[in-house]
Each structure stands twice: as C-alpha cells, then as structure tokens.
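What follows is a single structure, written as structure tokens, with notes after it.
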Amino acid sequence: MMHTEIQSRRQIAETCNHVSQQDVAELTRALQGGLSGTADIVGEYEAELKKVYDARHAIAVSSGAAAVLAALASLPHQPGDEVIVAPTCPTCTVYPILSLGLTPVFCDVAPNGFGLDPDDLRHCLSPRTCAVIEVPMWGYPVDVEQTAAILEGRAIPLVLDLALSHLTRLRGRFLGQYGDVRCFSTQDCKFMSTGEGGFVLTDDESLAERVRAYTRFGNLAGETVGLNLKLGAMQAALGLSRVRRLGAHLASRLGNRSRLLAMLDNPAFRELPIVPGGEVNGFALLLQARGHDGRQLVRYQQERGIPSEVGKFDSRPLYERALLAPYRRDCPHASSLLRSLTTVPLHPDLSSEELDYIAETLNRYVPESAQEA
Ligand SMILES: *Cc1c(COP(=O)(O)O)cnc(C)c1O
C-alpha cells in the first residue's frame, strides 16, 4: 500500500501553446507594417488593453520586470527610499527596486494569503517609504482596497504587480482597476502570452507620460533618464489577437478549475482560501497542505509529471536568498504560507483526460507523516 510506484513518465505541459488563425493574421499584418515599438499596431494593442480594463492609459512594455521598473522609476523617489513588498513575491518584482537604488522592506502577509498584513504594513511605513507593491500570486486576489485605505492621506502610491493576476477580481472590479499603477507580464508562462512582454496601466495622465518617456530613453530629449523598454510590433500583434479572446480564455481556465475541484477529494490539502469578494482568474489552482509540509506535495506531483509553480519559484521567503539577505525581516506568515503551498496548472490546453490524471494523482497523495500513523 505504501509502495509508491512512479507510473508512466508522463509530463503535463506547464503552459498552453494554442496558436490561432487570428494570431497568424495579426502577425502577418504586423509584418507588413513597421516592426518597431512605435508601430501603429502597438497603439492598437494598447487601445484594446484600455478597453478591457477601462483604464485611461496603457503602455506596452518588453516584460513584466520592465513594467515594474518603469512604474517605480516614474513615481517620485530619492536614492535609498523604501519600497514595501511581501517576501512571497518572486525576485522579478524586487530586482527593479534594487536596480533603481531603492531599498526593499519586506512586510509580512496576512495569514493564508498574499495580501500585506495591515498591522505589519503600518509598522513598515516610514518617512522614506516611496511606494507599496501588492503582488497577488497565481491569480488569487488580495484585498488591495484595504491596503489603499491605509495609504490614503499619506501620499504613498500603491503599485500592483499583476503579472499573474490578469482578470482577477475583487468586489466585481478587476484588480487591474485598483491602485495608482498596475504592472502586468505577458511572458510565455503567464495568463496571456506574447512570448515576452508586459504592460502598465494607470489613470494618472502625468504618470502615464513619465512611464512612456522612461520606456523610450526619456524621449531622447536629454531631460529625464530612460531606457528602451518598448514592446516590439510582433509581440504587440500577438497581444492584440489574444487580448480580444481573453473572455473565452478565462472561461476555459475557470471551467478546468471547476472540473478539477469537483474531482478532488483528499483531506490532505484544500484550496487556498479566497479573500471575501474575490474571484480568481484560473491561472493555477493553489493547494494548501493541511497539517504537514507542503513541499512534500510539490515533490510528489513533480515526480508524477504535474508541474508546480511553487517548485519553480521556491518555497522560501525572498530574504532567505543570498542577494536579499541584507534586507532580511522575518515574516512568519509568509514563511509558513510558502511552505504549505503548491500550484496545479489549469491552462486551456489541458485535455479532460489530463485533468482526470491530475485529479486521480492528487487524490492518491498521502503525506509521509500520515503514512506513519
Ligand atoms: C513573472 C513575474 C514577473 C516578471 O515578468 P517577466 O515578464 O518575466 O519580466 C514579475 N512579477 C511577478 C509576480 C511575476 O510572476
């Protein structure tokens, strides 16, 4: 019974690769026009993004990290100023902070979620705080309204890193409609793919101008500093085609999620609780081990060909990495949360046979501590 037989080396794909006719049509159209980041098709893509999120401004950029970098660079700051962020986010969110000569301050999350803990956030705020970043992981909403309320009146901007949280909702609105500036990634493993890419959304006109200028060498005017972080026309063409079909994509992911949840029946884990009023985007199913170390579950599924994003991102708070150790600030909730979790893919390429395999495999999981009992 305890014999764990690793059956047929099957491997579930980490992400989907469904190239459509519309993709090909838009790519062909892009090839016939200009190919640079200032080509018309980039503007068309940005217009479509504004429509989806009802945002005043959208700036397409070359990656999610570029989006965070451009957003932070465009907010008022002095060298050494502090940016508050949870240590449950990936290094991708924190390296832009370091690149700008800013200091990350790790704030703990509220129990069983990725949202900043209100008490610890108040504790972390200082006269040097220049921004707070919320990073909802794997499409699970966090209460950004609560965080915004704490920052209100302090003139500290709230940045949302929604690299994994396209179309995630809170109280009926997309998370992409909260905060002062929102950053997205469209890298191949994210919710929507343009291969590499990202975008920034904001309703603040002068902030939007600064973000755009920063991504274009400060408009080459020699007045403000910038880099070249523009998204190329080919990626924008793919984005344009895919953002138009985002509704169907979301429905497919949420359908896979419902099917899987209906089949899962193992008391060794549960789905991570969703904050009140929140709706996930079906990017991944987040499972939380009950009463044992979730890294066991990560290993178990990986050995059976079911990829885990937690396995990829590591199960430790960021300050336990060598480069970030100088910024260590113990965050007990973050630490126990990361150790308890795994993710399961829900992307539209999964066949129903693969979903059955995932459910059966997870239902057979028995944690070691329970095995000994
Ligand atoms: C992937 C990711 C990024 C970085 O996006 P890239 O497009 O890979 O640069 C930033 N933040 C989070 C939360 C991510 O998951």
Side-chain angles (χ1 to χ4, degrees), residues 14-15 37 45 49 58-73 83-100 104 106-107 109 113-116 131-142 144 158-168 175-176 179 181-201 211 214-215 227-232 234-236 238-239 242-243 272 280-284 286 307-318 321 324 334 337-338 341 343 345-347:
E14 202 175 339
T15 185
Y45 174 44
L49 290 169
I59 301 107
V61 296
S62 53
S63 71
V68 176
L69 181 68
L72 289 176
V83 178
I84 297 174
V85 68
T88 45
C89 73
T91 50
C92 329
T93 313
V94 174
Y95 288 169
I97 300 174
L98 298 180
S99 302
L100 290 166
F106 290 120
C107 173
V109 292
F114 293 98
L116 296 171
V132 172
I133 313 183
E134 282 274 20
V135 192
M137 294 299 287
W138 299 296
Y140 279 67
V142 305
V144 290
L158 176 59
V159 178
L160 306 182
D161 180 351
L162 304 178
L164 301 171
S165 301
H166 301 235
L167 304 189
T168 292
L175 283 187
V181 54
R182 308 118 209 174
C183 306
F184 294 80
S185 167
T186 56
Q187 197 271 339
D188 209 36
C189 293
K190 310 296 167 140
F191 185 88
M192 180 187 104
S193 165
T194 60
E196 301 286 349
F199 56 93
V200 178
L201 301 179
V211 170
Y214 189 82
T215 61
L227 297 167
N228 180 2
L229 305 176
K230 299 191 295 295
L231 187 72
M234 298 299 284
Q235 278 76 23
L238 212 44
R242 292 180 174 186
V243 77
L272 185 78
V280 298
N281 65 358
F283 175 69
L286 256 177
S308 170
E309 285 263 317
V310 173
K312 192 167 83 180
F313 278 73
D314 196 3
S315 303
R316 294 173 303 157
L318 279 184
R321 318 287 177 90
L324 296 167
L337 176 71
L338 289 174
L341 292 178
T343 65
L346 294 175
H347 60 75

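Atoms within a ligand are numbered from 1 in the order they appear, just like the ligands themselves.
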In chain order, what residues pass the side-chain hydrogen bond (donor to acceptor under 3.5 Å, both in side chains) check against [X], with sequence neighbours excluded?
{"X": "Y140", "value": "E271"}
{"X": "S185", "value": "none"}
{"X": "E14", "value": "K312"}

With the criterion set at N/O pairs under 3.5 Å, what does the list of contacts between the protein and ligand 1 look like, atom names and distances included?
{"residue": "ligand 1", "atom": "5 (O)", "partner": "S185", "partner atom": "OG", "Å": "3.4"}
{"residue": "ligand 1", "atom": "7 (O)", "partner": "G64", "partner atom": "N", "Å": "2.7"}
{"residue": "ligand 1", "atom": "7 (O)", "partner": "S185", "partner atom": "OG", "Å": "2.7"}
{"residue": "ligand 1", "atom": "9 (O)", "partner": "G64", "partner atom": "N", "Å": "3.2"}
{"residue": "ligand 1", "atom": "9 (O)", "partner": "A65", "partner atom": "N", "Å": "2.9"}
{"residue": "ligand 1", "atom": "11 (N)", "partner": "T93", "partner atom": "OG1", "Å": "3.4"}
{"residue": "ligand 1", "atom": "11 (N)", "partner": "D161", "partner atom": "OD1", "Å": "3.4"}
{"residue": "ligand 1", "atom": "11 (N)", "partner": "D161", "partner atom": "OD2", "Å": "2.7"}
{"residue": "ligand 1", "atom": "15 (O)", "partner": "K190", "partner atom": "NZ", "Å": "2.7"}

Out of curiosity, [X] [atom1] to [Y] [atom2], how far, rounded to the nearest 0.5 Å?
{"X": "M137", "Y": "T93", "atom1": "CE", "atom2": "OG1", "answer": "7.0 Å"}
{"X": "H347", "Y": "S193", "atom1": "NE2", "atom2": "OG", "answer": "12.0 Å"}
{"X": "F191", "Y": "F184", "atom1": "CZ", "atom2": "CZ", "answer": "10.5 Å"}

